[in-house]
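As structure tokens, the structure follows; a few thoughts come after it.
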Number of protein chains: 2
Amino acid sequence: MTRRIPASTIRRLSHYLRSLEDLEASGDETVSSEELALRGQTTAAQVRKDLSHFGSFGKRGLGYRIEELSARLRQILGVDRVWKVALIGAGRIGSALFEYPAFESRGYECVAIIDSDPAKIGTYWSELQIHGPDDLESLLAELGVELVILAVPARAAQEMAERSVRAGIKGILNFAPIRLKVPRHVPVEDVNLVMELEALSFAITQHGSEP
Amino acid sequence: MTRRIPASTIRRLSHYLRSLEDLEASGDETVSSEELALRGQTTAAQVRKDLSHFGSFGKRGLGYRIEELSARLRQILGVDRVWKVALIGAGRIGSALFEYPAFESRGYECVAIIDSDPAKIGTYWSELQIHGPDDLESLLAELGVELVILAVPARAAQEMAERSVRAGIKGILNFAPIRLKVPRHVPVEDVNLVMELEALSFAITQHGSEP
DNA sequence: CGCCGCTTGTGAAATCCTTCACAAGTTAGG
DNA sequence: CCTAACTTGTGAAGGATTTCACAAGCGGCG
């Protein structure tokens with residue numbers, strides 16, 4: 001049942017999980033693929049196909065038990081546990097992420113902040129002291145950091161990524177607008193705001209010319 | 001030549017544009033699809049197919065004239081002009097975006113900031129005064145805002161989106177973790193950090209179990 | 001208990017996207 | 001002018017993802 005999973009399926013799984021959490025709050029017991037599809041901007045067949053990659057969690061005639069399916073999705077997405085995160089780069093984006101409410105509430109725990117600005121090193125964000133980049137490797141290794149959020153300028157990103165990998169981290173969320181070169185076993189997820197804006201202006205421009 | 005364009009093509013076009021800008025700086029005159037592919041984590045055939053959706057910009061045997069192709073890409077992506085942007089939500093994410101250097105330098109001009117926090121209304125970010133949400137429609141319409149960056153909490157997002165659409169805006173970059181319901185002619189680009197983190201933890205988890 | 005209405009899980013078909021392969025255009029050089 | 005070395009643009013092939021369509025399982029009710 002589990003072969004290579006399309007990236008689009010994973011994105012939708014995240015959506016389904018969010019919808020299930022809403023439904024959980026509203027007291028229902030079960031949900032059909034039809035309703036999940038409605039909330040997720042997709043089709044019932046797509047929902048069932050997505051889930052079928054990982055097993056069969058529903059009951060014919062009834063639908064999916066909400067509590068069970070959300071637990072299962074959390075497991076599949078790997079968010080049924082707490083991830084230790086280091087934030088590298090304590091600039092604007094870093095601070096925005098640090099204060100992002102969904103962040104901690106969803107099992108991502110920031111255990112280290114690193115920045116190269118001497119004015120910031122030694123100061124505190126909440127309980128966390130900001131470290132300089134010198135002892136990055138040992139710091140990450142000692143704290144058991146698994147996941148790094150890279151929010152540094154493009155020119156520093158590759159070096160920080162390499163050093164994080166050397167410290168044994170398992171994945172990178174990258175905000176720098178460059179393609180990081182890392183070993184194949186370290187997944188990188190890119191967030192590129194300029195790209196999103198360009199996709200938007202393309203869509204708008206396109207729309208005008210072809211209704 | 002121009003039918004429905006894959007979203008992945010648009011993302012790659014953004015990449016090519018960035019590579020071309022690097023190349024422009026380094027003084028070369030032309031570039032081959034091969035080299036563009038190298039820098040973009042794709043293949044030469046893909047580069048040519050992507051470009052062929054919009055016309056033929058190269059010369060056989062020579063490649064693409066860098067200056068010409070980047071101008072053409074800017075036109076295709078709709079960034080050969082300045083977009084007037086309003087920032088709705090002056091919290092952490094809003095401030096990070098406002099200060100994002102690539103932002104202004106790429107033709108996005110923030111002409112209004114709106115927030116509902118009474119403590120912020122009336123204060124200034126750089127030269128821009130923060131407005132309350134009451135006169136949102138007239139403000140956006142008067143300034144000729146075309147593009148809205150929505151960086152407000154989920155519960156406020158739908159209302160702000162609807163009011164922006166009523167003010168005549170043409171597209172939304174949405175940071176709120178909900179699916180906005182807007183008329184079909186208004187493109188929405190979603191940036192969902194939780195989703196990115198979940199994709200990452202899935203990839204890591206997956207990796208452990210299936211090498 | 002048997003039938004009905006509902007909903008899943010899944011092969012098969014259709015659609016969408018990427019890769020291949022090559023004819024044809026371009027420049028350089030003799 | 002002719003050949004060699006490159007490189008594009010593009011049909012056709014191949015692969016991946018989505019949609020379709022339906023057999024099969026489940027619960028409720030008479």
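Because the structure is a prediction, the values reported are computed rather than measured. Each chain gets a letter, A, B and so on, in the order its sequence line appears, and its residues count up from 1.
Ring geometry for B/Phe54 versus A/Phe202: interplanar angle over 60°, hence perpendicular rather than tilted (30 to 60°).
Contact annotation for B/Thr42: no contact, since no heavy-atom pair falls under 4.0 Å across all strands.
Phosphate contact (OP1/OP2 of C/dG9, side-chain N/O of A/Arg48, threshold under 4.0 Å): absent. Residue A/Thr43 places at least one side-chain N or O closer than 4.0 Å to OP1 or OP2 of D/dT19. Contact check, A/Ser33 against C/dT7: no side-chain N or O comes under 4.0 Å of OP1 or OP2. The side chain of B/Gln46 contributes no N or O atom lying less than 4.0 Å from OP1 or OP2 of C/dC17.
Rounded to whole Å, atom C1' of D/dG27 lies 15 Å from atom CZ of A/Arg65. Whole-Å rounding puts the B/Leu51 CG to D/dT8 P distance at 9 Å. In this structure, the CD1 atom of B/Ile10 is 16 Å from the C1' atom of C/dT18, given to the nearest Å. Atom CD of B/Glu35 and atom C1' of D/dC6 are 14 Å apart (whole Å). In this structure, NZ of B/Lys49 is placed 13 Å from C1' of D/dG14, rounded to the nearest angstrom. Distance CZ (B/Arg72) to P (D/dG9): 12 Å, rounded to an integer number of Å. Note: CD1 (B/Ile5) to P (C/dC17) measures 9 Å, nearest angstrom. The CG atom of A/Leu69 sits 14 Å away from the C1' atom of C/dG9 (whole-angstrom rounding).
Judged by closest nucleotide on DNA chain D, A/Thr9 is the one of A/Leu62 and A/Thr9 placed further toward the 5' end. Closest-nucleotide positions on DNA chain D for A/Ala45 and B/Phe57 were compared, and the one nearer the 5' end corresponds to B/Phe57.
The side chain of A/Tyr64 has C/dT8 as its nearest neighbour among D/dT7, C/dT8, D/dT17. The side chain of B/Lys59 lies closest to C/dT27, out of D/dG27, C/dT27, C/dG9. Taking only side-chain atoms of A/Arg60, from C-beta outward, the nucleotide of D/dG9, D/dA24, C/dT18 with the closest atom is D/dA24. Distances were taken from every side-chain heavy atom of A/Ser8 (C-beta onward) to each of D/dT10, C/dT10, D/dT18; the shortest belongs to D/dT18.
Among A/Arg74, A/Arg18, A/His15, the single residue meeting the side chain to side chain donor-acceptor pair (under 3.5 Å) criterion with B/Glu198 is A/Arg18.
Rounding to the nearest 0.5 Å gives a distance of 11.5 Å between CD of A/Glu21 and CD1 of A/Ile66.
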Apply side chain to side chain contact (heavy atoms under 4.5 Å, CB included) to residues A/Leu51 and A/Leu73 and explain how you reach the verdict.
CA-CA 9 Å; A/Leu51 296 176; A/Leu73 285 185; 4.0 Å; yes
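Here A/Arg39 pairs with A/Glu35 in a salt bridge; the nearest charged N to carboxylate O distance falls below 4.0 Å.
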